[in-house]
Amino acid sequence: MLLIHCPYCEEARPEVEFVYGGEAHIARPLDPSTYSDGEWEEFLYIRSNPRGRHHERWRHTHGCGRFFNAVRDTVTDVFETTYKAGEARK
Amino acid sequence: MSGFRLADGGRIDRRTKRTFSFDGKAQWGYAGDSLASALLAQGQMLFGRSFKYHRPRGILGAGVEEPNALVTVDRGPGRMTPNLRAPSVPVHDGLTATSQNRFPSLKTDLIAVNNVFSAFFPAGFYNKTFMWPRAAWEKVYEPIIRRLAGLGDSPTTRDPDHYDATYAHCETLIVGAGPAGIAAALDAAAGGGRVFLIDEQEEIGGGALSDPAQWAWLAEATAKLAAMDNVTVLSRTTAIGHYHQNFVVAAERLTDHLPVGEAHGPREKLWRIRAGEVVLAMGAIERPLVFEGNDVPGVMLASAARTFALRYGVAVGRKIVVMAVHDSGWRDALALQAAGVPITAIVDLRRDIDPALADAARDARIACYPGYAITSVSGSLAVKGATIALAGVGKGQKLDCDAVLMAGGWTPTVHLWSHAKGSLRWDESWGAFLPDKTHENLRCVGACAGAWDFGSGLSVGLLPAPKPLHESKAFVDFQNDVKARDIGLAVQEGFRSIEHIKRYTTNGMATDQGKTSNLNGLQIASDVLSRPVTEIGLTTFRPPYTPQSFGAMLGHHKEALFQPLRKSGIDDWAQAHGAVYENVAQWRRARFFPQGSEDMDAAVARECRMVRSSVGVFDASTLGKIEVVGPDAAEFLNRMYTNPWKSLEPGRCRYGLLLGEHGFIIDDGVSARLAPDRFHLTTTTGGAARVLGMMEDYLQTEWSDLDVWLTSTTEQWAVIAVQGPRARDVIAPLVEGIDLSPEAFPHMAVREGTICGVETRLFRVSFTGELGFEVNVPAEHGRKVWEAIWAEGEKHGAAAYGTETMHVLRAEKGFIIVGQDTDGTVTPDDAGLGWAVGKKKPDFVGKRSLARPDIVAPGRKQLVGLLTDDAQDVLEEGAQIVADPNQPVPMTMIGHVTSSYYSTTLGRSIAMALVAGGRDRMGETLYIPMPGKTISAKVLAPMFYDAEGSRLNG
Amino acid sequence: MVDIAEIAVSAAELKLGTEPVQGSGVRLSHADARARYSLRARDAAVLEKAISRKLPGKIGDQTDGVICLGPDEWYAILPESTALQRGEGLPVSVVDVSSRALGFVLEGPGALAVLSSGCPLDLARMGVGRATRTVFETVEIVIWREAEDRWHIEVWRSFATWLWHALAAAMHASK
């Protein structure tokens, strides 16, 4: 079970309090109607799935309830950092 | 009969006898004995039959590395544990153990005929021989193989024991309480932090338990640890796995070492330990040597013989030959000889032996054969002698012996290190993999770190022998019956990676996890391939380190506590009124209320009739509810749902349809605006948490500028649906402060007031097509209000109805159930809910997807109604639909039935279905092929009753 | 073979205890009735004004029964029938959830070990007066360390029966 540092609670908490939220920094366009079918497909379904550094979302559902972002190594599962939603990509 | 009890020595209590049985025969040992040591002391050398060939097998090791002597311990009904390792089973009075995988008895195993034909059972044999015909595999080969091959039998009765579990936290966790682990614990404890020291054996001490010179130190250290408040010492506790960030799971065996009558409380306890630092002090396991006959009972590890002698006071033979390639074999031989265990000869493949060892052996009158190897062992059920030859190929020379000890060097126990994704490096001097790098706060000490002096030696795969490899019967993996030649065969057939060789040969698999076989297998593969070991790699160790009971994994959470069963506050009433239940998500809901001898069909028919003709009462408390509050509440809902919300007046309700961004329906529900800045949302029962999570996601990450907040109120409100022409009459006497007249309180309106003196949010809504109300009251008052409504209802002949009737009534009206009539690929238009999509809204979740090419393409599956030509045929939900029943098989399936019921109201069956281009097929006859017959049905709009909606007004 | 339905039936037989459960050095009982509110606001000052109460400022802090659960979320466990203003029209959310949860009290020197049987937090490191949302195995709870050996546990109503018996089972095992 991972220990995840919640940037809102400012402490490491057990994984069972969290829910994984998929890749981070995929913003919903302000006006989706301006997206071509290709762009919309990209937004909906295409993910980077890297080996190594992965920017991803977690939600501290059973804690403070907040969504936040994390950089996790997909090989070692080690978290490099976590940061609040809305902060620039790290 | 070669083993015997030494006159003195060992940590056993010779004043306390223990009686037990093995294979039905009365046996005895001393307190402190293991099953293996007690039986060896009685001269028992034969302990089991091998997995594939049913070869006679004895004891190999003195601990959990034992691959052969697997036993089943029976502690009464439901308390039978297979595959326990005899050296790890402490004896107690009344212990009942049996050997495994033999028929009918250990000594006479009829299935050992496999052994005679073993040339026909090479690696990959199953895969190659039983490839086809397929039916024969299922009916003939597999059942036979399952009977022949295998370990113990699985228990078939319910486990009556209970199990404890806990989380624990410490600054330092030490796994393994040998000298290195104890030293690490004392060191860590001095720092004041919380320290856990765990060990799988009956008492702590590890290797020191087999070294009387260390016993005084051990006693002192044990007492010191016990006296420290910040130290928790757990023996009989196996660390079964290391998981992320130093989360170590360990199972403590609490009662299995006790006689059945003295075993009280939980049987095992699962420790889920989070540690700041983990120190692995798991020691090392001696490596067997691979030579012809190395699996004859009486051939065992030298270290095991030493443990049996010095810890248990048992000699494993009267004329013992040691086969060594490592100094530790000589040391053990000398220690054994000194303890009164007769060692007659030491054979060592090395020509140059440490003179100190050679001199000591000569002084101890042990014959030494440097440069020799054992080329065969004679005997079937026990060792009768061994043949040795210079360099394995010279002239054979017979040695008289009744036991052979193997000293093949040492393999550090790095299982948990590997679980933690720690890397390993090959160490030439050990001829083994040692811990290298890790990203955890984890370190190894003692033998498992390579920091232990066992002396030096060779690492060899197969001992040199006169027979070529492909004729050899030298075993590598005793538990899985893998021979050196199987590994040779795998390489010959093209397998190169050790991971592939492992799976082809089964070397290192199953409960054993390669504890004694991995490195020998690797070395042999390396020799055959003429490539260094490091290029072949090592297979992955996976938890559990030793087999683990399911009971401990569950902890307290078995049977009634397996998972929460959620019940509404009205559930008790339903139970008292004979409800039959169904589970919906974690909730249990009343499905129907049979009266007398009614079956479900009869009960549902009666319940439906009552709702349509008078009134029914339904517990809808499980509906998901979310309170949406804040100045931007309407704006938020407008963005989430397909339909417009800003224009909804306070006091009014609206049906909301929720899509995913992919454009498919994921939830629906009726919601009410209570005030300009306050909405009461409802969701499906199963979707409550999911919808709340999705809405939170948008609110927090996409539209964080909106001033609106979501609160789950599912459990705040009990919901009582009162449906039917008499609904208003039923609630009218109970409601205060709300004008119930149709003019003042129209369909799809909400009012706040009191009912039975309790605050209520009263909805006028209908999922039945009848005049209906949904009474929301604080959950703690649900039962009381339900009973008051029921009492009023009875005056009108009311029926309490369950989810089955609710389904029938809604289907008669063509209302969908998300997840039943939709499957995650259904758009609003597919479901005939295009009307619920706000055409003028610039955006909402999922809107863009509704313009995707495949969503607007013709021919999509659309929701339609079906009426079978035979009104009494009730279609199977999920049944496939075809346009032409006479087409050749495989037919083109154009859709499937999503909902199907017998409608008492209509006196016939009704169904809903998703059918390709369904709305263009109105009036067409479609076909539903079923076993034995094909049912024909006509397509119509999914609305079977009161299309004009007149009944909503009562 | 164990029939799944049989397990469901036995789970169905569980009833929420009414009388306290006494273990060795630990006691489980119902907390007295409370008013409960979920409080939300971007700006705590606006909410404080709306409900005329001080709010704790940091996640995990608690003041007079009001717990800060998240950056914009507070949970109030107040004496029964305490009514808070709704703050209509203001950028706040005040929702009465008095009926949503039940409160348990777990107290005594053994309380921490019983709670640790299913709660993965390092409870020994949680200060007196602190509170947090967390889980007990799969069930969400709010825990509030009211005193060194006294824990108040909030659990949603429909999970309460399971939690009561799960805690009682842990108490039984620790005897």
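In what follows, chains are A, B, ... by sequence order, proteins preceding strands, each numbered from 1.
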Select one option (side chain, backbone, both, neither) describing which atoms of [X] are under 4.5 Å from chain B's heavy atoms.
X	value
A/Arg66	both
A/Val75	backbone
A/Ser36	backbone
A/Leu3	both
A/Phe68	neither
A/Thr76	both

message = Just checking B/Lys437: does its NZ atom have more than 12 heavy atoms from other residues, nucleotides or ligands closer to it than 6.0 angstrom?
response = no
inquiry  = Please check if the number of heavy atoms outside A/Tyr45 that lie under 6.0 Å from its OH is greater than 12.
reply    = yes
From A/Arg57, A/Arg59, A/Arg28, residue fulfilling salt bridge (Lys or Arg N to Asp or Glu O under 4.0 Å) relative to B/Asp697 = A/Arg57
Using every non-hydrogen atom in the two residues, find where [X] and [Y] come nearest and quote the distance to one decimal.
X	Y	value
B/His439	A/Val78	CD2-CG2, 3.2 Å
B/Asp843	A/Leu30	OD2-O, 4.1 Å
A/Leu2	B/Arg274	O-NH2, 3.4 Å

Polar side-chain atom of B/Gln700 near backbone of A/Gly65 as donor-acceptor pair, under 3.5 Å = yes
query = Where does B/Glu702 contact chain A at under 4.5 Å (heavy atoms): side chain, backbone, both or neither?
reply = side chain
key: Interface residue of largest heavy-atom contact number with chain A, from B/Ser849, B/Pro842, B/Gly693, under 4.5 Å   = B/Ser849
inquiry  = Could you go through B/Arg848 and A/Asp37, starting from their C-alpha distance and side-chain angles, then the distance that decides it, and tell me whether this counts as salt bridge (charged side-chain N to carboxylate O under 4.0 Å, His left out)?
reply    = CA-CA 9 Å; B/Arg848 174 64 185 82; A/Asp37 286 336; 2.7 Å; yes
ask   = Would you call B/Glu661 and A/Phe43 a side-chain contact if the rule is heavy atoms closer than 4.5 Å?
value = yes
key: Value rounded to 0.5 Å, distance of CE in A/Met1 from OH in B/Tyr167   = 4.5 Å
